[in-house]
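Ligands are counted one by one from 1 in listed order, and the atoms in each one are counted from 1 as well.
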Amino acid sequence: MSPTLYYLALVTHVAGITIMAGTTFIDFVAFRTFWRVFKTDQPKGLVLESFLYKLQLFIGIGMLIILLSGVLMMVRLHEVWGAQLWFRIKMGMLVLIIINGLILRRTAGSKLKKMLAGEVIEGKLDGIKRNFTAVQLVQILLFLIIYVLSVFKFN
Ligand code: HEM
């Protein structure tokens with residue numbers, strides 16, 4: 001693989017990160033706005049809820065771009081990066097991002113849906129909000145850890 005193709009894969013990697021991590025941050029902000037609006041104006045809240053669902057699609061697209069470009073770079077330099085500590089820890093963090101983002105975020109989302117359908121009793125609302133916040137903050141923290149690992153490349 002030529003160096004140009006490698007750098008193109010790296011640029012694509014950064015674009016994928018922008019989409020995924022940027023959308024994760026907006027998910028955090030939009031959820032807070034949704035929660036505030038829903039308490040006073042339910043129809044407006046429902047519009048924001050559908051926006052929250054749409055965001056998940058972009059998180060998935062970003063993840064796909066990151067994975068494809070990452071694998072492409074590894075085709076060329078797997079012997080170099082694959083043996084290094086930063087890369088191994090990064091792959092562990094990636095698994096946590098997938099578990100947190102796909103499984104826990106989805107569970108929180110379906111609880112929210114049940115709440116909106118009137119299936120959740122008042123006392124549990126705070127729990128749902130806490131779960132959402134925890135999942136979103138952990139996701140942002142995992143991204144930051146991956147940034148530090150990928151830029152400093154500790155070995
Ligand atoms: C959520 C997932 C990921 C995030 C947030 C992420 C983030 C980053 C960042 C910030 C860089 C540094 C770019 C630079 O210094 O110019 C980088 C580089 C790199 N990433 Fe990822 N990455 C992710 C997943 C992956 C995966 C799944 C692979 C491979 C299978 C991978 C392979 C690489 C490689 C090989 C580099 C080094 C490129 C170089 O410096 O030449 N990444 N990544």
Side-chain angles (χ1 to χ4, degrees), residues 1-38 45-116 126-155:
M1 183 197 295
S2 71
T4 308
L5 186 56
Y6 182 90
Y7 285 130
L8 280 177
L10 183 54
V11 170
T12 311
H13 202 60
V14 176
I17 295 160
T18 309
I19 295 173
M20 188 183 182
T23 309
T24 302
F25 180 70
I26 294 303
D27 188 50
F28 178 76
V29 176
F31 178 70
R32 245 129 226 94
T33 311
F34 158 78
W35 202 264
R36 199 167 5 91
V37 169
F38 188 72
L46 291 177
V47 174
L48 277 169
E49 186 221 357
S50 64
F51 176 63
L52 278 174
Y53 286 118
K54 193 148 224 168
L55 290 180
Q56 299 311 302
L57 172 71
F58 290 99
I59 291 180
I61 291 173
M63 177 54 118
L64 195 66
I65 296 173
I66 292 174
L67 288 176
L68 291 177
S69 54
V71 169
L72 194 61
M73 286 189 285
M74 288 306 279
V75 169
R76 180 162 189 253
L77 285 185
H78 64 99
E79 280 166 7
V80 180
W81 305 135
Q84 296 185 359
L85 185 64
W86 69 273
F87 190 79
R88 292 178 176 193
I89 302 176
K90 174 173 166 168
M91 289 301 108
M93 294 295 134
L94 179 71
V95 172
L96 293 182
I97 280 203
I98 292 172
I99 293 174
N100 191 58
L102 294 185
I103 303 175
L104 300 183
R105 172 63 179 79
R106 213 158 269 217
T107 312
S110 66
K111 279 194 185 144
L112 179 68
K113 218 171 200 168
K114 280 189 186 152
M115 176 197 95
L116 296 175
D126 281 344
I128 294 177
K129 188 178 181 208
R130 250 199 319 274
N131 277 357
F132 247 94
T133 307
V135 168
Q136 291 171 324
L137 287 179
V138 166
Q139 197 73 340
I140 290 170
L141 183 71
L142 289 170
F143 273 116
L144 288 176
I145 295 174
I146 292 192
Y147 291 169
V148 172
L149 289 168
S150 306
V151 171
F152 283 92
K153 297 191 173 69
F154 307 107
N155 191 20

S.K.: Within the structure, does Lys153 bring an N/O atom to less than 3.5 angstrom of an N/O atom in ligand 1?
M.R.: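 Yes, Lys153 has an N/O under 3.5 Å of an N/O on ligand 1.
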
S.K.: When the ring planes of Trp86 and Trp81 are compared, do they come out parallel, tilted or perpendicular, using 30° and 60° as the limits?
M.R.: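 Geometry flag for Trp81 against Trp86: perpendicular rings.
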
S.K.: Compare Leu94, Val151, Thr18, Val95 and give the one whose heavy atom is closest to atom 27 (C) of ligand 1.
M.R.: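 Minimum heavy-atom distance to atom 27 (C) of ligand 1 goes to Leu94.
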
S.K.: Is Lys90 close enough that one of its N/O/S atoms sits under 2.8 Å from atom 21 (Fe) of ligand 1?
M.R.: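 Checking atom 21 (Fe) of ligand 1 against Lys90, an N, O or S atom does fall under 2.8 Å.
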
S.K.: Please report the closest heavy-atom contact between Leu52 and Phe31, naming both atoms and the distance.
M.R.: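 Result for this residue pair: CD2-N, 3.8 Å.
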
S.K.: Where is the nearest protein heavy atom to atom 13 (C) of ligand 1: which residue, which atom, and how far?
M.R.: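 Going atom by atom, the protein heavy atom closest to atom 13 (C) of ligand 1 ends up being Leu10 CD1, 3.9 Å.
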
S.K.: Looking only at atom types and distance, does a side-chain atom of Asn155 sit under 3.5 Å from a main-chain N or O of Leu85, one as donor and one as acceptor?
M.R.: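 Flag set: sc Asn155 to bb Leu85 pair under 3.5 Å.
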
S.K.: Would you mind listing which atoms of ligand 1 come within a distance below 4.0 Å of any non-hydrogen atom of Met91?
M.R.: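 Going through ligand 1 atom by atom, the ones under 4.0 Å from Met91 are 26 (C), 27 (C), 28 (C).
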
S.K.: Quick test of your reading of the structure: of His78, Met73, Met63, Arg76, whose heavy atom lies closest to atom 36 (C) of ligand 1?
M.R.: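 When every heavy atom of His78, Met73, Met63, Arg76 is considered, Met73 comes closest to atom 36 (C) of ligand 1.
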
S.K.: I'd like to know if the side chain of Gln139 reaches the main chain of Ile97, judged simply by a donor and an acceptor atom lying under 3.5 Å from each other, with no hydrogens or angles considered.
M.R.: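 Yes: the side chain of Gln139 pairs with the backbone of Ile97.
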
S.K.: Would you check if the side chain of Arg32 reaches a backbone N or O of Phe28 as a donor-acceptor pair within less than 3.5 Å?
M.R.: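 Indeed, once roles are kept as given, a pair shorter than 3.5 Å links the two residues.
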
S.K.: May I ask you to establish whether Lys90 and Tyr147 are in a cation-pi arrangement, using a distance under 6.0 Å from NZ or CZ to the six-membered ring centre and at most 45° from the ring axis?
M.R.: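 Cation-pi check for Lys90 and Tyr147: fails.
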
S.K.: For atom 32 (C) of ligand 1, what is the closest protein heavy atom, and at what distance to 0.1 Å?
M.R.: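 Of the protein heavy atoms, Phe87 CE1, 3.7 Å lies nearest.
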
S.K.: Which residue owns the protein heavy atom closest to atom 11 (C) of ligand 1, what's the atom, and how far is it?
M.R.: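 Answer, as residue, atom name and distance: Ser150 CB, 3.3 Å.
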
S.K.: Closest by any non-hydrogen atom to atom 24 (C) of ligand 1: pick that one out of Ile66, Leu67, Ile17.
M.R.: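 That would be Ile66.
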
S.K.: Among all protein heavy atoms, pick out the one at the shortest distance from atom 5 (C) of ligand 1; state its residue, atom name and that distance to 0.1 Å.
M.R.: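 Among all protein heavy atoms, the one nearest atom 5 (C) of ligand 1 is Ile146 CG2, 3.6 Å.
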
S.K.: Starting from atom 38 (C) of ligand 1, which protein heavy atom do you reach first, and at what distance in Å?
M.R.: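 Protein heavy atom at minimum distance: Tyr6 OH, 3.2 Å.
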
S.K.: Is the NZ or CZ atom of Arg36 both under 6.0 Å from the centre of the six-membered ring of Phe38 and within 45° of that ring's axis?
M.R.: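 No, Arg36 does not lie over the aromatic ring of Phe38.
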
S.K.: Taking N or O atoms only and a 3.5 Å limit, does His13 qualify as a polar contact for ligand 1?
M.R.: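 The answer is yes, given that His13 and ligand 1 share an N or O pair closer than 3.5 Å.
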
S.K.: Hey, what do you get for CG (Leu94) to CD1 (Ile99), rounding to the nearest 0.5 Å?
M.R.: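 That separation rounds to 10.0 Å.
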
